[in-house]
2 protein chains.
Amino acid sequence: MDSEDKSPFGYDAFRRTCPSHTVLEMLASKWVYLVICALRRGRMRNGELARKLEGISPKMLTQTLRVLERDGLVRREIFPVIPPRVEYELTELGQNLAGLLNQIRSWSEQHAPDIRDARARAVAEHEGDLVA
Amino acid sequence: MDSEDKSPFGYDAFRRTCPSHTVLEMLASKWVYLVICALRRGRMRNGELARKLEGISPKMLTQTLRVLERDGLVRREIFPVIPPRVEYELTELGQNLAGLLNQIRSWSEQHAPDIRDARARAVAEHEGDLVA
DNA sequence: ATCCTCACTATCCATGAGGTACCTATATAT
DNA sequence: ATATATAGGTACCTCATGGATAGTGAGGAT
């Protein structure tokens with residue numbers, strides 16, 4: 001039976017129309033992951049985030065922050081000074097989620113070698129296919 | 001300081017070249033999430049998965065399973081019978097991760113209303129912009 | 001007078017993600 | 001003889017995503 005997968009809230013993330021499915025889709029982005037993890041320790045400015053998240057383009061950084069702000073995970077504070085100063089911080093909801101995402105990040109770092117090895121084995125087997 | 005973000009394994013998921021970054025990229029897919037969660041309770045056949053994961057195309061299901069197999073998270077077992085029978089199950093590594101992902105899924109279901117409300121507020125404010 | 005900073009904002013363009021349709025093999029049922 | 005069920009593979013096409021680039025604003029520095 002599926003009873004174990006039914007949440008006590010009546011949601012089922014496996015259904016496309018379920019609100020929780022939409023939440024998962026939002027989370028299924030590497031930048032969302034990293035931005036939330038980066039903000040976990042406290043508020044940061046746009047430029048700080050850009051330097052910390054190696055490889056993110058300004059566009060993607062802004063876009064990701066806007067999505068997170070829209071969804072109530074990040075709060076944006078604008079200081080009316082010149083040059084502009086904008087700070088981002090996690091809301092309570094965001095901090096809540098950050099704990100979980102940080103576990104995932106931690107897991108990724110712990111098990112990166114395992115996955116690297118598995119990939120190497122898969123490539124080796126594929127080479128075997130070519131020879132055979 | 002960044003000391004809190006440095007893993008004891010010497011990895012830093014914020015760097016593009018870091019193996020753990022690659023792992024995160026793999027996880028940043030909604031189907032990876034859902035397939036792993038679906039397999040959490042035990043082995044399943046291709047068709048079972050296809051029915052459970054509403055909206056997944058056969059191509060994406062196969063593709064996702066191949067990636068997970070390559071990375072050592074899923075084991076694939078072929079039964080040489082007619083009609084074909086193939087079963088998928090999580091490896092130990094995969095089960096390890098499934099626990100974490102399931103927490104995320106759980107969180108999504110718990111907080112779906114919060115996020116829905118936040119989005120509704122954001123839309124309302126945007127309408128205000130249009131009127132003003 | 002000109003440039004600099006910072007945080008955007010807009011635009012274009014290449015890449016690739018993902019969907020559909022069609023193909024395989026073969027024992028069983030009709 | 002034909003259809004069905006199962007788990008794919010492959011080719012083709014479309015559309016969205018993300019990256020690069022350039023522009024904007026306004027006070028302060030030189």
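So that the names make sense, note that chain A is the first sequence line, chain B the second, and so on, each numbered from 1.
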Engineer: Does a side-chain N-to-carboxylate-O contact under 4.0 Å join A:R45 and A:E87?
Structural biologist: no

Engineer: Output the rounded distance in Å from CZ (A:R85) to C1' (D:dG28).
Structural biologist: 17 Å

Engineer: How many whole angstroms separate atom CG of A:L65 from atom C1' of C:dT9?
Structural biologist: 15 Å

Engineer: Between C1' on C:dT5 and CD1 on A:I82, what's the gap in Å once rounded to a whole number?
Structural biologist: 10 Å

Engineer: List in numerical order all residues of residues 17-26 of chain A for which some heavy atom is under 4.0 Å away from an atom belonging to DNA chain C.
Structural biologist: none

Engineer: Output yes when at least one side-chain N/O atom of A:R45 is less than 4.0 Å from OP1 or OP2 of C:dA7, else no.
Structural biologist: yes

Engineer: Counting only side-chain nitrogens and oxygens, does B:R66 get under 4.0 Å of the OP1 or OP2 atom of D:dG9?
Structural biologist: yes

Engineer: With a cut-off of 3.5 Å and sequence neighbours excluded, list every side-chain donor-acceptor pair involving residues 29-39 of chain A.
Structural biologist:
unit_1 : atom_1 : unit_2 : atom_2 : d
A:S29  : OG     : A:W31  : N      : 3.3
A:S29  : OG     : A:V32  : N      : 3.3
A:K30  : NZ     : B:E25  : OE2    : 2.6
A:Y33  : OH     : B:Y33  : OH     : 3.0

Engineer: Determine whether a donor-acceptor pair (N or O, by modelled atom type, separation under 3.5 Å) exists between the side chain of B:E89 and the backbone of B:M44.
Structural biologist: no

Engineer: May I ask you to evaluate whether B:N46 reaches the phosphate of D:dT6, defined as a side-chain N or O under 4.0 Å from OP1 or OP2?
Structural biologist: no

Engineer: Supply the members, apart from B:F79, of the Ile/Leu/Val/Met/Phe/Trp/Tyr cluster built from side-chain contacts under 4.5 Å; use none for a lone residue.
Structural biologist: B:V81

Engineer: When you check the phosphate oxygens OP1 and OP2 of C:dC8, does a side-chain N or O of A:R76 lie under 4.0 Å from one of them?
Structural biologist: yes

Engineer: Give the B/S/- string for nucleotides 11-25 of chain D, one per nucleotide from 5' to 3', where a protein heavy atom under 4.0 Å of the base yields B, of only the sugar-phosphate yields S, and otherwise -.
Structural biologist: -------BBB----B

Engineer: Rounded to whole Å, how long is the line connecting atom CD1 of B:I78 with atom P of D:dT6?
Structural biologist: 17 Å

Engineer: Salt bridge (Lys or Arg N to Asp or Glu O under 4.0 Å): which pairs involve residues 53-70 of chain B, sequence neighbours left out?
Structural biologist: A:R15-B:E54

Engineer: In whole Å, I'd like the distance from the CG atom of A:L49 to the P atom of C:dC8.
Structural biologist: 10 Å

Engineer: Are the side chain of A:Q103 and the backbone N or O of A:L100 linked by a donor-acceptor pair below 3.5 Å?
Structural biologist: no

Engineer: I'd like to check B:P113 versus A:Y11 (side-chain heavy atoms, cut-off strictly below 4.5 Å). Are they in contact?
Structural biologist: yes

Engineer: Which residue pairs pass the ring pair (Phe, Tyr, Trp, His ring centres under 6.0 Å) test with at least one member in residues 98-121 of chain A, sequence neighbours excluded?
Structural biologist: A:W107-A:H111

Engineer: Checking salt bridge (charged side-chain N to carboxylate O under 4.0 Å, His left out) for the pair B:E125/B:R121: CA distance, chi angles, key distance, verdict?
Structural biologist: CA-CA 6 Å; B:E125 282 173 23; B:R121 273 195 301 276; 5.9 Å; no

Engineer: How long is the line joining CD of B:E87 and C1' of D:dG8, in whole Å?
Structural biologist: 16 Å

Engineer: Without decimals, in angstroms, what is the distance between B:L53 CG and C:dG18 C1'?
Structural biologist: 15 Å

Engineer: Pick base, sugar-phosphate or nothing for A:Y88, based on heavy-atom distances below 4.0 Å to the nucleic acid.
Structural biologist: sugar-phosphate

